Amino acid sequence: MTYITHINTFAALGSGVIGSGWVARALAHGLDVVAWDPAPGAEAALRQRIANAWPALVKQGLAAGAAQSRLRFVATVEDCVRDADFIQESAPERLELKLELHARISAAAKPDALIGSSTSGLLPSEFYEGATHPERCVVGHPFNPVYLLPLVEVVGGRHTAPEAIQAAISVYENLGMRPLHVRKEVPGFIADRLLEALWREALHLVNDGVATTGEIDDAIRFGAGLRWSFMGTFLTYTLAGGDAGMRHFMNQFGPALKLPWTYLPAPELTDTLIDDVVAGTSAQLGEHSIGALERYRDDCLLAVLDAVRVTKARHGMSFAE
Ligand SMILES: NC(=O)C1=CN([C@@H]2O[C@H](COP(=O)(O)OP(=O)(O)OC[C@H]3O[C@@H](n4cnc5c(N)ncnc54)[C@H](O)[C@@H]3O)[C@@H](O)[C@H]2O)C=CC1
Ligand SMILES: C[N+](C)(C)CC(=O)CC(=O)[O-]
């Protein structure tokens, strides 16, 4: 089976925070967009959100023919999806609601139109259970604001065809995104599992009176947050091991996982796990030396710091705010 990957018409169901972000991204890429949301006043709210996002999209660069006027708001699910080449659902995070909605969407859609859900963690095998042609149904989990952040996690369910995953990846790439195929259908996928661990600890810190929410946010935005924009945790910690890299880092800081600093259970640091981590980070290092990556990291940090400073000043803020 082949799926539609050359998209002219993008359908968006649910036009809240995430749905409106998808609409903005699709419009900025020069597509026709059809949207549906059952809430009273949803169309006006959507158009307002798009207008608010548009200056950033103009700055980023619009595709030829991109226009806010290419958005059409319709009255039913069926009108929204009937002629769509690609469908993205961003309805509330409730299993029963998504189950019922996807049965309706998939029954009315073209059989070769891919269907993506923005869910943050519900499992596609569960909420696509009643779908027609479930083999073309995937999760495409985006990050807020959807019109600027590139990451989209692509997850298949029990019935999803491997070709549908590849086709969805190709569609998201054409929308300027950076798809990440989550190969196992696990709750929270990859990114939210990481974010939730941080979030849970942040709430413990507040609950225990250790720090205010502002202090906790400062702990992120003046430290790890700056480097996370260009280097992930594994490679960052490889550099933190000095010239000896990840194996030295694991020897030195691995035992602290058992103290424990967090309220979450730590994984067993088996030889296999350490070897896998070392092998993975070695592959990430490739031909680069630690020194070269340190220069790259520092260069990036300076550029990010400068960008943040200049942007804050433009908005009337000091760097420390
Ligand atoms: N807010 C976030 O940071 C992120 C949310 N998501 C996911 O995106 C989805 C939507 O979340 P948000 O946009 O944050 O929620 P939201 O509450 O901002 O928007 C949900 C929209 O769905 C509409 N709606 C209500 N019943 C509906 C139905 N039966 N069918 C279609 N639409 C319906 C509501 O009127 C509302 O406009 C959820 O699955 C959520 O897990 C994914 C990534 C990030
Ligand atoms: C809070 N959240 C789980 C809905 C967040 C996400 O899913 C991704 C994001 O934008 O942080």
Side-chain angles (χ1 to χ4, degrees), residues 10-26 33-50 52-53 71 73-81 84 87-109 115-124 126-128 130-131 137-155 157 172 175 177-180 182 186-203 213 217 220-221 224-225 228-229 232:
F10 183 101
L13 297 112
S15 58
V17 174
I18 296 304
S20 61
W22 280 112
V23 172
R25 180 177 278 279
V33 179
V34 189
W36 172 78
D37 188 301
E43 177 174 1
L46 170 60
R47 291 194 187 278
Q48 174 54 41
R49 283 201 196 94
I50 303 302
N52 207 38
L71 166 64
F73 198 90
V74 295
T76 67
V77 171
E78 289 72 18
D79 286 346
C80 188
V81 304
I87 296 157
Q88 184 79 29
E89 166 270 310
S90 308
E93 191 77 334
R94 295 205 304 273
L95 178 59
E96 287 310 313
L97 184 152
K98 287 199 196 275
L99 247 173
E100 194 186 316
L101 183 59
H102 280 294
R104 235 177 119 183
I105 291 171
S106 58
I115 300 174
S117 169
S118 301
T119 184
S120 305
L122 295 177
L123 299 180
E126 293 176 0
F127 65 79
Y128 282 129
C137 298
V138 302
V139 164
H141 174 230
F143 291 78
N144 189 40
V146 179
Y147 51 88
L148 291 183
L149 290 185
L151 183 64
V152 57
E153 292 180 305
V154 181
V155 195
Y172 290 130
L175 284 168
M177 303 184 86
R178 169 59 166 84
L180 181 64
V182 180
V186 291
F189 315 134
I190 296 172
D192 275 348
R193 185 156 165 185
L194 298 172
L195 290 173
E196 189 191 271
L198 181 67
W199 179 227
R200 215 181 338 206
E201 291 304 316
L203 293 177
T213 58
D217 281 355
I220 295 297
R221 68 197 182 107
W228 274 336
S229 65

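Indexing begins at 1, ligand by ligand and atom by atom, following the structure's order. The structure presented is a predicted model; accordingly, all values stated were derived computationally and were not measured.
Residue H141 places a heavy atom less than 4.0 Å from ligand 2. The shortest separation from a heavy atom of E100 to ligand 1 is not under 4.0 Å, leaving the residue out of contact.
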>> Quick one, L99 with E96, criterion side-chain contact (heavy atoms from CB on, under 4.5 Å). Give me CA distance, side-chain angles, the key distance, then yes/no.
In response: CA-CA 5 Å; L99 247 173; E96 287 310 313; 4.2 Å; yes

> Can you check salt bridge (Lys or Arg N to Asp or Glu O under 4.0 Å) on E43 and R47, steps first, answer last?
Replying inline: CA-CA 6 Å; E43 177 174 1; R47 291 194 187 278; 3.0 Å; yes

>> Using side-chain contact (heavy atoms from CB on, under 4.5 Å), reason through D79 and V34 one step at a time and then give a plain yes or no.
In response: CA-CA 8 Å; D79 286 346; V34 189; over 6 Å; no

> Given the rule in the side-chain contact (heavy atoms from CB on, under 4.5 Å) test, do E93 and L122 qualify, once you have shown the distances and angles that lead to the verdict?
Replying inline: CA-CA 8 Å; E93 191 77 334; L122 295 177; 3.9 Å; yes

> Does the pair F143 and H141 meet the rule for a side-chain contact (heavy atoms from CB on, under 4.5 Å), with working shown?
Replying inline: CA-CA 7 Å; F143 291 78; H141 174 230; 3.4 Å; yes

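Shown here, atom 26 (N) of ligand 1 is in close reach of the protein: a heavy atom of it lies under 4.0 Å off. Less than 4.0 angstrom separates atom 8 (O) of ligand 1 from at least one non-hydrogen atom of the protein. Closer than 4.0 Å to atom 3 (C) of ligand 2 lies at least one heavy atom of the protein.
The residue F143 has no part lying near ligand 1, judged by heavy-atom distances below 4.0 Å. With a heavy-atom cut-off of 4.0 Å, E89 does not touch ligand 1 at all. Heavy atoms of P38 found under 4.0 angstrom from ligand 1 belong exclusively to the side chain. Contact annotation: for E196 versus ligand 2, there are no heavy atoms closer than 4.0 Å. Within the 4.0 Å heavy-atom criterion, the part of L101 lying near ligand 1 is the side chain and not the backbone. Residue contacts with ligand 2, taken as heavy atom pairs separated by less than 4.0 Å, involve N144 via backbone and side-chain atoms alike. At a heavy-atom cutoff of 4.0 Å, ligand 2 is contacted by no atom of L149, backbone or side chain. When heavy-atom distances to ligand 1 are checked against a 4.0 Å cut-off, V77 has no atom that comes that close, whether in backbone or side chain. The proximity of V17 to ligand 1, defined as any non-hydrogen pair under 4.0 Å, involves the side chain as well as the backbone.
Nearest non-hydrogen protein atom to atom 21 (C) of ligand 1 is D37 OD2, 3.6 Å. When hydrogens are left out, the protein atom nearest atom 20 (C) of ligand 1 is S90 O, 3.8 Å; that is the closest non-hydrogen contact. Given atom 22 (O) of ligand 1, the protein heavy atom at minimum distance is P92 CD, 3.3 Å. Closest to atom 30 (N) of ligand 1 among all protein heavy atoms lies W36 CZ3, 3.3 Å. F143 CD2, 3.5 Å is the protein heavy atom nearest to atom 9 (C) of ligand 2. The closest protein non-hydrogen atom to atom 19 (O) of ligand 1 is G16 CA, 3.3 Å. Atom 38 (C) of ligand 1 has as its closest protein heavy atom A91 O, 3.3 Å.
Under a 4.0 Å criterion applied to the non-hydrogen atoms of S118, ligand 1 contributes the atoms 6 (N), 7 (C), 8 (O), 42 (C). Heavy-atom contacts of K98 reach the following atoms of ligand 1: 38 (C), 39 (O) (cutoff under 4.0 Å). In the vicinity of L195, heavy-atom distances shorter than 4.0 Å reach the ligand 2 atoms 11 (O). Close approach of ligand 1 to A39 is summarised as follows: ligand atoms under 4.0 Å from at least one heavy atom of the residue are 35 (O). Each of the following atoms of ligand 1 lies closer than 4.0 Å to a heavy atom of H141: 42 (C), 43 (C). With ligand atoms numbered from 1 in the order given, ligand 1 contributes 22 (O), 32 (N) to contacts under 4.0 Å with heavy atoms of G14. Atoms of ligand 2 found under 4.0 Å from any heavy atom of D192, numbered from 1 in the order shown, are 3 (C), 5 (C), 6 (C), 7 (O), 8 (C).
Of all the heavy atoms in R49 and S15, the pair that sits closest is NH1-O, 2.8 Å. A24 and I50 make their closest contact through N-CD1, 3.6 Å (heavy atoms, listed as atom of the first residue, atom of the second, distance). Nearest heavy-atom pair across R25 and L175 is NH1-O, 2.7 Å. Between P179 and V154, the shortest heavy-atom contact is CB-CG2, 4.1 Å. When all heavy atoms of A42 and F73 are compared, the closest pair comes out as CB-CZ, 3.9 Å. Closest non-hydrogen pair, V81 versus A108, comes out as CG2-CB, 3.7 Å.
Summarising the geometry, atom CG belonging to L198 is positioned 11.5 Å from atom CG belonging to D192; distances are rounded to the nearest 0.5 Å. Atoms CZ and CG, on F127 and L95 in that order, are 8.5 Å from each other to the nearest 0.5 Å. Atom CD1 of I18 sits about 11.5 Å away from atom OG of S117, to the nearest 0.5 Å. Rounded to the nearest 0.5 Å, atoms CH2 (W36) and CD1 (I87) are 13.0 Å apart. Here the CE atom belonging to M177 is positioned 7.5 Å from the CG atom belonging to L151, to the nearest 0.5 angstrom.
Backbone and side-chain nitrogen or oxygen atoms of N144 are examined, and none is located within less than 3.5 angstrom of a nitrogen or oxygen of ligand 1. Among the atoms of P142, none of the N or O lies under 3.5 angstrom from an N or O of ligand 1. Close N/O approach between E93 and ligand 1 is found [any backbone or side-chain N/O within under 3.5 Å]. Remark: ligand 1 and S120 share an N or O pair separated by less than 3.5 Å (distance only, no angle test).
Applying the 6.0 Å contact sphere to CZ of R221 captures more than 12 heavy atoms from other residues, nucleotides or ligands. Counted within 6.0 Å of CD on E78, heavy atoms from surrounding residues, nucleotides or ligands total more than 12; the atom is thus considered enclosed.
Ion pairing between a basic and an acidic side chain is recognised when a charged N comes within 4.0 Å of a carboxylate O; E196 and R200 show such pairing.
The residue among V152, I18, L195 with a heavy atom at the shortest distance from atom 2 (C) of ligand 1 is I18.
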